[in-house]
Amino acid sequence: MSSEQEFSDIAPYSDAEFSAKMAHLVKEPGFEHAIRFVMPEVDYTEFVRNLLNVRDQKSFQLQVIVPFLEMLEKNTTAGITANGFDNISNGHSYMFMSNHRDIVLDASFLNFCFIKHGYPTSEIAIGNNLLIYDWITDLVKLNKSFIVKRNLKITQALQAARQLSAYIHYAINTKKESVWIAQREGRAKDSNDVTQESLIKMLGLEGGGSLRKNIETVNVVPVSISYEFDPNDYLKVTEYLLRRRDPEFRKSQHDDLLSMETGILQYKGHVHFEIGQCINDSLAALPDDIDKPELLKAVCGMIDTSVHSNYKIYPINYIAYDIVNSTDRFKDCYTASDEDRTREYVHTQIEKVDVPGITPDERDYMLKMIYSMYANPLINKLAVTTSMS
């Protein structure tokens, strides 16, 4: 039987730890700098006083996080919507597995939608590569996040995967908490969302049963996230360009921080979440004698099919598809002014790329990549809906 102690290095802080951890956090200069950066008008002294009066995670989310997300919805989106709540029950715990667009806001906005619709929030998986400072670790663990250990040696990686699997099973089946995790490590920079097989393997490592039974007991529910505009699109294109110049290029911690700041503060247009159906019925329908590789492939396929079929498609996606494929297939799905605005938006984003000596060929490459980012959700949705019809 798992215990809380086994997971203390990765689990969210408990309510018993909350006050002491918060008192430590508010003394961190880096935390103060971050708060003043994202909320320039804040009275920091009063803000800290309010934080120190918060006693547990739920109160923290309702009194502090929700108002912050309401501010982001108002200032950086054209509205956040969600559907599919009839696919889940309030008294059950699930593993919500979604595509990954924004480092911070994918899970935060999903939890925001749960609160608005009367559902409990989920615990959030976050990679330790993003926990650049100790105060960031404290902040996310105060906000119901658990840690995914990355970039380990093989033996350590297996041990970490077993611990993570055990914690997820413990959270869902003992603590009765839902959890959120992205369908792959890191964001799909080209928006071609595909479930990572190693993630499904990890879920099956613990649980006390067969691979299929262990996956079934965490109640995987795919979620599709559709941002009209990705504020990080030009940063992703920058990474593509730098990797094209040097295949060994690797992002720095500063790059990750910039991506987090940009994703949080810049305009996203419409944001939509579509909650799919739990995959357990589809799991149960698989042949009894299915082997492990085929089972893993089938589970990834179930999640991908749900995510792809439930994308919300915006004019920019139709326009990007037609541009990438040199066609007018979807010309009835957007207006001439939509196309003008899209081309202007894309060129504005390309102008933000801060790399010296960009050649005309490289500029064309960046344009191709950014349009592909916006075309791929539609391409994947078409592939799934065509095969289902």
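Residues I80 and C113 are in side-chain contact: their nearest non-hydrogen atoms beyond the backbone lie under 4.5 Å apart. Considering only heavy atoms from C-beta on, P120 stays 4.5 Å or farther from F114 through its side chain. Counting heavy atoms from C-beta outward, M95 and L203 have side chains that approach closer than 4.5 Å. Here the side chains of M22 and V26 are in contact, with some heavy-atom distance below 4.5 Å. Between L367 and H347 there is a side-chain heavy-atom pair separated by less than 4.5 Å. Counting heavy atoms from C-beta outward, I126 and L131 have side chains that approach closer than 4.5 Å. Between I124 and V140, every side-chain heavy-atom pair lies at or beyond the 4.5 Å cut-off. A 4.5 Å side-chain heavy-atom check between I168 and L164 finds at least one atom pair inside the cut-off.
For the residue pair S224 / E274, no side-chain donor-acceptor distance below 3.5 Å is found, with atom types taken as modelled. Checking D338 against T335 by side-chain atom types alone, a donor-acceptor pair falls below 3.5 Å. A donor atom on one side chain and an acceptor atom on the other are not found under 3.5 Å apart for Q63 and N50.
Of all non-hydrogen atoms in K141 and D9, the two that sit nearest each other are NZ-O, 3.5 Å. The nearest pair of heavy atoms linking L378 to N317 is CD2-O, 3.9 Å. Here the closest heavy-atom approach between residue S259 and residue I103 is recorded as CB-CD1, 3.8 Å. Scanning all heavy atoms of the two residues, the minimum distance from K381 to N310 falls at NZ-C, 4.5 Å. The shortest non-hydrogen separation linking I264 to L105 is CA-CD1, 3.8 Å. The shortest non-hydrogen separation linking G204 to N214 is O-ND2, 2.9 Å.
Of the possible polar contacts, none joining the S178 side chain to the S122 backbone as a donor-acceptor pair under 3.5 Å is found. No side-chain donor-acceptor contact under 3.5 Å links S306 to the backbone of M302. Judged purely by atom type and a 3.5 angstrom limit, T174 has no side-chain atom pairing as donor or acceptor with the backbone of A171. For N99 (side chain) and I225 (main-chain N/O), a donor-acceptor pair under 3.5 Å exists by modelled atom type. Remark: side-chain polar atoms of D304 are not paired, donor with acceptor, to backbone N or O of V194 under 3.5 angstrom. Although no hydrogens or angles enter the test, the distance criterion places a donor-acceptor pair under 3.5 Å between the side chain of T386 and the main chain of L382. For the pair K149 (side chain) and A160 (backbone), a donor-acceptor distance under 3.5 Å is absent. Side-chain atoms of N173 come within 3.5 Å of backbone atoms of H169 as a donor-acceptor pair (strictly under, hydrogens ignored). With hydrogens and angles ignored, the 3.5 Å screen pairs a side-chain donor or acceptor of T77 with a backbone N or O of G79. Under a 3.5 Å cut-off, the side chain of D255 and the backbone N or O of S252 do form a donor-acceptor pair.
Following chains of ILVMFWY side-chain contacts shorter than 4.5 Å, one can reach M39 starting from V66, so the two form part of one hydrophobic cluster. Follow the hydrophobic side-chain contacts under 4.5 Å out from L205 and you never reach I215; the two are in separate clusters. Put simply, V355 and M373 are part of the same group of oily side chains (I, L, V, M, F, W, Y) that touch within less than 4.5 Å, one to the next. Under the 4.5 Å side-chain heavy-atom criterion for ILVMFWY residues, no single connected hydrophobic cluster contains both L199 and L152. Transitive grouping of hydrophobic side chains (ILVMFWY, heavy atoms separated by less than 4.5 Å) brings V64 and V42 into a common cluster.
The salt bridge (Lys or Arg N to Asp or Glu O under 4.0 Å) contacts involving residues 89-118 comprise E73-K116, R101-D193, where partners must be two or more places apart or lie in separate chains. Under the salt bridge (Lys or Arg N to Asp or Glu O under 4.0 Å) criterion, the residue pairs touching residues 344-363 are R244-D361, R245-E362, E351-R363, with sequence neighbours excluded. Under the ring-ring contact (aromatic ring centres under 6.0 Å, His included) criterion, the residue pairs touching residues 35-85 are F18-F60, F85-H117, F85-Y119, with sequence neighbours excluded. Among residue pairs with one or both ends in residues 224-273, those qualifying as ring-ring contact (aromatic ring centres under 6.0 Å, His included) are F229-Y345; sequence neighbours excluded. Sorted by first then second residue, the side-chain hydrogen bond (donor to acceptor under 3.5 Å, both in side chains) pairs that include residues 127-138, not counting sequence neighbours, are Y13-D138, N129-R150. Within the structure, the salt bridge (Lys or Arg N to Asp or Glu O under 4.0 Å) test picks out the following pairs touching residues 204-233 (sequence neighbours left out): R162-E206, K213-E216, D230-K236. Within the structure, side-chain hydrogen bond (donor to acceptor under 3.5 Å, both in side chains) contacts touching residues 88-98 (residues at least two apart or in different chains) are S98-W180.
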Donor-acceptor pairs under 3.5 Å, side chain of residues 282-301 to any protein atom, not counting sequence neighbours: which ones?
{"unit_1": "D291", "atom_1": "OD1", "unit_2": "E294", "atom_2": "N", "d": "3.0"}

Can you list, pair by pair, the side-chain donor-acceptor contacts under 3.5 Å of residues 318-325, counting residues two or more places apart and other chains?
{"unit_1": "Y321", "atom_1": "OH", "unit_2": "R329", "atom_2": "NH1", "d": "2.8"}
{"unit_1": "D322", "atom_1": "OD1", "unit_2": "R329", "atom_2": "N", "d": "3.3"}
{"unit_1": "D322", "atom_1": "OD1", "unit_2": "F330", "atom_2": "N", "d": "3.3"}
{"unit_1": "D322", "atom_1": "OD2", "unit_2": "F330", "atom_2": "N", "d": "3.2"}
{"unit_1": "D322", "atom_1": "OD2", "unit_2": "Y334", "atom_2": "OH", "d": "2.6"}
{"unit_1": "N325", "atom_1": "ND2", "unit_2": "Y321", "atom_2": "O", "d": "2.9"}

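Between D15 and R55 there is no salt bridge, since no side-chain N of the basic residue sits under 4.0 Å from a carboxylate O of the acidic one. The pair E339-R343 meets the salt-bridge criterion, since a charged nitrogen lies less than 4.0 angstrom from a carboxylate oxygen. A salt bridge links K175 and E123; the closest N-O separation between the charged side-chain nitrogens and carboxylate oxygens is under 4.0 Å.
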*Check the pair M97, I200 against side chain to side chain contact (heavy atoms under 4.5 Å, CB included), reporting the backbone distance first and the verdict last.*
CA-CA 11 Å; M97 189 177 295; I200 308 305; 4.1 Å; yes
*List the steps and the verdict of side-chain hydrogen bond (donor to acceptor under 3.5 Å, both in side chains) for N111 and S108.*
CA-CA 5 Å; N111 273 341; S108 299; over 6 Å; no
*Verify side chain to side chain contact (heavy atoms under 4.5 Å, CB included) between V218 and V220, making sure each step is shown before the conclusion.*
CA-CA 6 Å; V218 296; V220 175; 3.9 Å; yes
*asked:* Run L130 and L257 through side chain to side chain contact (heavy atoms under 4.5 Å, CB included) and show every step you take.
replied: CA-CA 8 Å; L130 300 173; L257 274 177; over 6 Å; no
*Start with the C-alpha distance between L25 and E32, add both sets of side-chain angles, then the distance that settles side chain to side chain contact (heavy atoms under 4.5 Å, CB included), and finish with yes or no.*
CA-CA 9 Å; L25 175 65; E32 178 177 353; over 6 Å; no
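The side chain to side chain donor-acceptor pair (under 3.5 Å) check on E177 picks up K144, with sequence neighbours excluded. Taking the side chain to side chain donor-acceptor pair (under 3.5 Å) definition, one finds that T348 meets it with nothing, sequence neighbours left out. A search for ring pair (Phe, Tyr, Trp, His ring centres under 6.0 Å) contacts involving Y167 returns F7, F146, not counting sequence neighbours.
The environment of E261 atom CD is dense: over 12 non-hydrogen atoms of other residues, nucleotides or ligands sit within 6.0 angstrom.
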